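Throughout, protein chains are lettered first and strands after them, A, B, ... in sequence-line order, and every chain is numbered starting at 1. Treat the numbers as computed from the prediction; the structure is a model and nothing was measured.
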There are 2 protein chains.
Amino acid sequence: MNKETEDVQRNERPTRALDAFDRKILRSLVEDARLSYAEMGEAAGLSAPAVHERVKRLRASGALKGMQATLDGAQVGKPFLAFVHVDADGWGKSQRMIRLKEFPEVEEMHSVAGDTCVILKVRTASAHAMEQFLSQLYVLPGVRGTKSYVVLSTYLERPVQADVTHDWPQVPLPPE
Amino acid sequence: MNKETEDVQRNERPTRALDAFDRKILRSLVEDARLSYAEMGEAAGLSAPAVHERVKRLRASGALKGMQATLDGAQVGKPFLAFVHVDADGWGKSQRMIRLKEFPEVEEMHSVAGDTCVILKVRTASAHAMEQFLSQLYVLPGVRGTKSYVVLSTYLERPVQADVTHDWPQVPLPPE
DNA sequence: CCTGAAACCTCCGATTA
DNA sequence: TAATCGGAGGTTTCAGG
């Protein structure tokens, strides 16, 4: 087996730091994942094959997890969005909550520090479907209670940004 | 209409319901946004040009908002994630919070029903950067207080799913 | 990392059901 | 209205340097 090409994968360190080229490529791809390698290369100052090689490396390293379509929840039949705080009894049990990923309604699931154990982001077709989902939640062992925050308006929803060197925006103080 | 508010509520168009072809195409694109039209067509049972035409239509209708790269927060230098509940004084003022989108740290911003006004999803390089961000938050007029939920583990994080006809997964009932 | 080239894909117009 | 076919031009992904 050829070892020359295995450098990145066999690296002892978790990940080599991204350089400026990588960051520019990632920034382009976060904006539009269907850009051609030539277009990314133009923005980054590289040839298309060089970009292609870097994208493969970024994928292999895990920094680039994938490229996904972003859908409009309302227009694909899921206009109802809520954040659900779940209080659970024990942490051994929480492993079972991983089964929640079998519900396509559940988009995110994080364990958190604070006055709740787990935060879910759940998108359903209706309030009724949300109610059904919540009833399924209580079937899980150790689930003590839930508190739901129904989303009224979404003002911003975007993927992880690949910052360049980032200056803090100055939030302007209103003259009043 | 200014650009900010246009982003929130641009939903109007003679939108026809999605058919089975559209849903299959969207499902493919949510899995991998860089599939060729030929590959999508193979999964959907259409020719490449037909798929291309439908993707253009789905884009125009807004059901398909875009294609984005999904990055690993930790590996692009933002290992610190939190959900921030913001209590605000008035709703007229909340329009001003839209400026928060200038912070690349802010990934989501929703107004919600419940015991808080706004939920933010914020990803930063460190606890210190989060503190800095929160201090900027309090500069906004009308911000009364915040409550942060620091994410300990992320078990699931994925885009809006384009369901086919969906059967509810059976969560196994424990014997009681 | 670059250039070059073969295979593949995109995307147009024309045609057809 | 929406699908398919054909083909010109652009893209991907190899080489080799």
Side-chain angles (χ1 to χ4, degrees), chain A residues 1-11 13 15-72 75-77 162 164, chain B residues 12-71 75-76 162 164-165:
Chain A
M1 178 177 296
N2 195 346
K3 302 221 169 178
E4 301 172 348
T5 55
E6 311 259 312
D7 265 352
V8 172
Q9 292 166 344
R10 301 185 64 90
N11 207 329
R13 304 192 297 171
T15 303
R16 219 185 48 209
L18 308 176
D19 65 13
F21 288 130
D22 291 325
R23 263 188 290 267
K24 279 185 185 169
I25 291 168
L26 291 178
R27 244 160 61 98
S28 298
L29 283 175
V30 166
E31 228 182 279
D32 182 355
R34 281 191 85 92
L35 287 174
S36 70
Y37 294 115
E39 287 169 307
M40 292 180 242
E42 198 166 344
L46 288 175
S47 69
V51 173
H52 182 242
E53 189 55 40
R54 275 170 182 267
V55 169
K56 272 197 295 189
R57 233 175 47 207
L58 289 166
R59 258 186 189 284
S61 80
L64 171 56
K65 293 201 283 187
M67 330 269 220
Q68 265 96 30
T70 304
L71 309 184
D72 183 292
Q75 294 203 46
V76 298
V164 266
Chain B
E12 286 35 89
R13 198 160 271 257
T15 251
R16 255 189 331 257
L18 307 178
D19 64 14
F21 288 130
D22 291 325
R23 263 188 290 267
K24 279 186 185 170
I25 291 168
L26 290 179
R27 244 160 63 96
S28 297
L29 283 175
V30 166
E31 229 182 278
D32 183 355
R34 280 191 84 92
L35 286 175
S36 70
Y37 294 114
E39 287 168 308
M40 292 181 243
E42 198 166 344
L46 288 174
S47 67
V51 173
H52 183 243
E53 188 56 40
R54 276 171 180 268
V55 168
K56 271 196 295 188
R57 235 177 43 207
L58 288 166
R59 257 185 191 285
S61 79
L64 172 56
K65 294 201 283 187
M67 330 271 219
Q68 264 97 30
T70 303
L71 309 184
Q75 295 203 49
V76 299
V164 266
T165 31

Picking from dC11(C), dT13(D), dT3(C), which would you name as closest to the side chain of A48(A)?
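Selected nucleotide (nearest to the side chain): dT13(D).
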Tell me: [atom1] of [X] to [atom2] of [N], nearest whole Å?
{"X": "I25(B)", "N": "dA2(D)", "atom1": "CD1", "atom2": "P", "value": "13 Å"}
{"X": "E42(A)", "N": "dC2(C)", "atom1": "CD", "atom2": "P", "value": "13 Å"}
{"X": "F21(B)", "N": "dA2(D)", "atom1": "CZ", "atom2": "P", "value": "13 Å"}
{"X": "R59(B)", "N": "dC11(C)", "atom1": "CZ", "atom2": "P", "value": "10 Å"}
{"X": "E53(B)", "N": "dC12(C)", "atom1": "CD", "atom2": "P", "value": "9 Å"}
{"X": "L35(A)", "N": "dC9(C)", "atom1": "CG", "atom2": "P", "value": "19 Å"}
{"X": "Y37(A)", "N": "dT10(C)", "atom1": "OH", "atom2": "C1'", "value": "15 Å"}
{"X": "M40(A)", "N": "dG10(D)", "atom1": "CE", "atom2": "P", "value": "18 Å"}

Hey, what do you get for [atom1] ([X]) to [atom2] ([Y]), rounding to the nearest 0.5 Å?
{"X": "L58(B)", "Y": "L29(B)", "atom1": "CG", "atom2": "CG", "value": "8.5 Å"}
{"X": "L71(A)", "Y": "R23(B)", "atom1": "CG", "atom2": "CZ", "value": "12.0 Å"}
{"X": "E53(A)", "Y": "Y37(A)", "atom1": "CD", "atom2": "OH", "value": "10.5 Å"}
{"X": "D32(B)", "Y": "M40(B)", "atom1": "CG", "atom2": "CE", "value": "9.0 Å"}

Please determine whether a side-chain nitrogen or oxygen atom of [X] lies at a distance below 4.0 Å from atom OP1 or OP2 of [N].
{"X": "K56(B)", "N": "dT10(C)", "result": "no"}
{"X": "R57(B)", "N": "dT1(D)", "result": "no"}
{"X": "S47(B)", "N": "dA3(D)", "result": "no"}
{"X": "R34(A)", "N": "dT11(D)", "result": "no"}
{"X": "H52(A)", "N": "dT13(D)", "result": "yes"}

Indicate yes or no for a side-chain donor-acceptor contact from R34(A) to the backbone of L35(B) under 3.5 Å, with no hydrogens or angles considered.
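Flag set: sc R34(A) to bb L35(B) pair under 3.5 Å.
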Name the nucleic acid region contacted by S36(A), choosing base, sugar-phosphate or nothing; use a 4.0 angstrom heavy-atom cut-off, strictly under.
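Contact class for S36(A): sugar-phosphate only.
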5' priority, DNA chain C, between P49(B) and R54(A) [closest heavy atom]
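Nearest-nucleotide comparison on DNA chain C picks R54(A).
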